[in-house]
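The chains referred to below are lettered A, B, ... by the order of the sequence lines, with proteins before strands, and numbering in each begins at 1.
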Number of protein chains: 2
Amino acid sequence: MELRDVSRLLYQIKLADQRVATAFETETGFSLTRYEMLMVVGEKGVCSQSEIKDAMKIDNAAVTRHLKILEDKGYVLRERNTANHREVFVRLTDDAAHALQTCERNHDTSSHVMSVLSDDEMAQLSVLLKKLNQV
Amino acid sequence: MELRDVSRLLYQIKLADQRVATAFETETGFSLTRYEMLMVVGEKGVCSQSEIKDAMKIDNAAVTRHLKILEDKGYVLRERNTANHREVFVRLTDDAAHALQTCERNHDTSSHVMSVLSDDEMAQLSVLLKKLNQV
DNA sequence: TGCTATCATTTGACAAGTCAACGATTGATT
DNA sequence: AATCAATCGTTGACTTGTCAAATGATAGCA
């Protein structure tokens, strides 16, 4: 594998990422990162920002800024952990839960971003990406 | 395929992109995008910025800015097309050719960014990404 | 010739990520 | 109890991408 081929492949990943992220946003109305963040928070119920950071493998600073946006939109509540004032606890608002349900309901399983790939291919892709992302 | 699963997969792509791009940069000393840009220019010999934009599927503005940086580093020469002053012609300097050769030579085929994947898997990945990027 | 449309590049404003430095809290050590 | 170190979150500076408006150049046409 020549370096040239490596760069071509990596550049393809970059392009795919860009395409797919903007497609997700136009289809759902949610930024991919913030959707994922809402999901993480929703699944945890209540959590600190560090937990989000670890779950999403994203920078602290990015977490803070996205949560600020989500808070402004009324999708998320934040309050200091009274037992440890360093931490901030985050959880979804009812608004968020509602908006996400609506979004999921409107989501057409057959014609979304990834519809160029079969279920099999998506599974394949997922495996490959997991390998790539494991340290 | 639930929306949740889609977002998980797309987010994996994002993470892979980030990992892989920074790894490429630390391994080679070149930003992935600018390496790819140098390759494109090198392969074309001389070309306009629009050609680069089309080849790389990147925004005009990004091309201009990357070329500015590459010019400052002495990797690229730009001059207006005398036959059509709207266009700028771009080509590599000898410095760039030399630096790229050195980089390629130093590149260890066995232990680079993608070494977690077999050649087969990389080929698979390439096919999947091509599908995702086609449209 | 002069208008107008189009084309190529540049610039400005924004989004989303990184890293590094900072402030506030907490916990540990002496 | 006082200090010192570690942890959590925030902020600022920077990178790299986008889109949209501005600039400059050319081409077609009345």
message: Classify the ring geometry of B:F24 against B:Y35: parallel below 30°, tilted from 30° to 60°, perpendicular beyond 60°.
response: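 Rings of B:F24 and B:Y35: perpendicular, as their planes differ by over 60°.
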Side chain to side chain contact (heavy atoms under 4.5 Å, CB included) partners of [X], counting only residues at least two apart:
X	answer
A:N106	A:T102
B:E51	B:K44, B:C47, B:S48
A:E43	A:M39, B:R4, B:R8
A:D54	none

- prompt: At their closest point, which heavy atom of A:G74 faces which heavy atom of A:T93, and how far apart are they?
  reply: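 In this case the closest contact between A:G74 and A:T93 is O-OG1, 2.7 Å.
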message: Need the bend value for the helix from C:dT1-D:dA30 to C:dT30-D:dA1: angle between end axes, 5 pairs each end, nearest 10°.
response: 10°
Expressed in angstrom and rounded to an integer, what is the separation of [X] atom [atom1] from [N] atom [atom2]?
X	N	atom1	atom2	answer
B:H66	D:dT15	NE2	C1'	9 Å
A:K68	D:dT11	NZ	C1'	11 Å
A:F24	D:dT18	CZ	P	20 Å
A:D59	D:dT16	CG	C1'	16 Å
B:M37	D:dT15	CE	P	16 Å
B:Y35	D:dT15	OH	P	23 Å
A:L15	D:dT16	CG	C1'	14 Å
A:E25	D:dT18	CD	P	14 Å

query: Listed by chain and number, what are the salt bridge (Lys or Arg N to Asp or Glu O under 4.0 Å) partners of A:E104, not counting sequence neighbours?
result: none
task: Quick one: name the residues clustered hydrophobically with A:V46, using the 4.5 Å side-chain heavy-atom rule over I, L, V, M, F, W, Y, and just say none if it's on its own.
output: A:F89
Expected list for residues 121-130 of chain B: side-chain donor-acceptor pairs under 3.5 angstrom, two or more places apart:
| unit_1 | atom_1 | unit_2 | atom_2 | d |
| --- | --- | --- | --- | --- |
| B:E121 | OE1 | B:S118 | N | 2.8 |
| B:E121 | OE1 | B:S118 | OG | 3.4 |
| B:E121 | OE2 | A:K131 | NZ | 2.5 |

query: Which part of the nucleic acid, if any, lies within reach of A:T33 when heavy atoms closer than 4.0 Å are counted: base, sugar-phosphate only, or nothing?
result: sugar-phosphate
task: Check whether any side-chain nitrogen or oxygen of A:Q18 sits under 4.0 Å from OP1 or OP2 of D:dG17, and answer yes or no.
output: no
Along DNA chain D (nearest heavy atom to each residue), the more 5'-positioned of B:A83 and A:Y11: A:Y11
message: For residues 58-76 of chain A, which residue pairs pass the salt bridge (Lys or Arg N to Asp or Glu O under 4.0 Å) check, not counting sequence neighbours?
response: A:E71-A:R78
- prompt: Pairs in or reaching into residues 79-91 of chain B: which pass salt bridge (Lys or Arg N to Asp or Glu O under 4.0 Å), with residues at least two apart or in two chains?
  reply: B:E79-B:R91
query: What nucleotide among D:dT26, D:dT18, D:dT16 has an atom nearest to a side-chain atom of B:S31?
result: D:dT16
query: Cluster question for you: counting only ILVMFWY and a side-chain heavy-atom cut-off of under 4.5 Å, with indirect links fine, are B:L15 and A:I58 together?
result: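 Yes; tracing contacts between hydrophobic side chains, which count when under 4.5 Å, links both residues.
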What's touching nucleotides 8-10 of chain D from the protein side, N or O pairs under 3.5 Å?
| unit_1 | atom_1 | unit_2 | atom_2 | d |
| --- | --- | --- | --- | --- |
| D:dG9 | OP1 | A:Q49 | N | 3.2 |
| D:dG9 | OP1 | A:V88 | N | 3.0 |
| D:dG9 | OP2 | A:S50 | N | 2.7 |
| D:dG9 | OP2 | A:S50 | OG | 2.6 |
| D:dT10 | OP1 | A:R78 | NH2 | 2.7 |
| D:dT10 | OP2 | A:Q49 | OE1 | 3.1 |
| D:dT10 | OP2 | A:Q49 | NE2 | 2.9 |
| D:dT10 | OP2 | A:T64 | OG1 | 2.9 |
| D:dT10 | OP2 | A:R78 | NH2 | 3.1 |

message: What range of DNA chain C does chain B touch, first nucleotide to last, counting atoms under 4.0 Å from its heavy atoms?
response: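 For DNA chain C, the relevant span reads C:dT6 to C:dT18.
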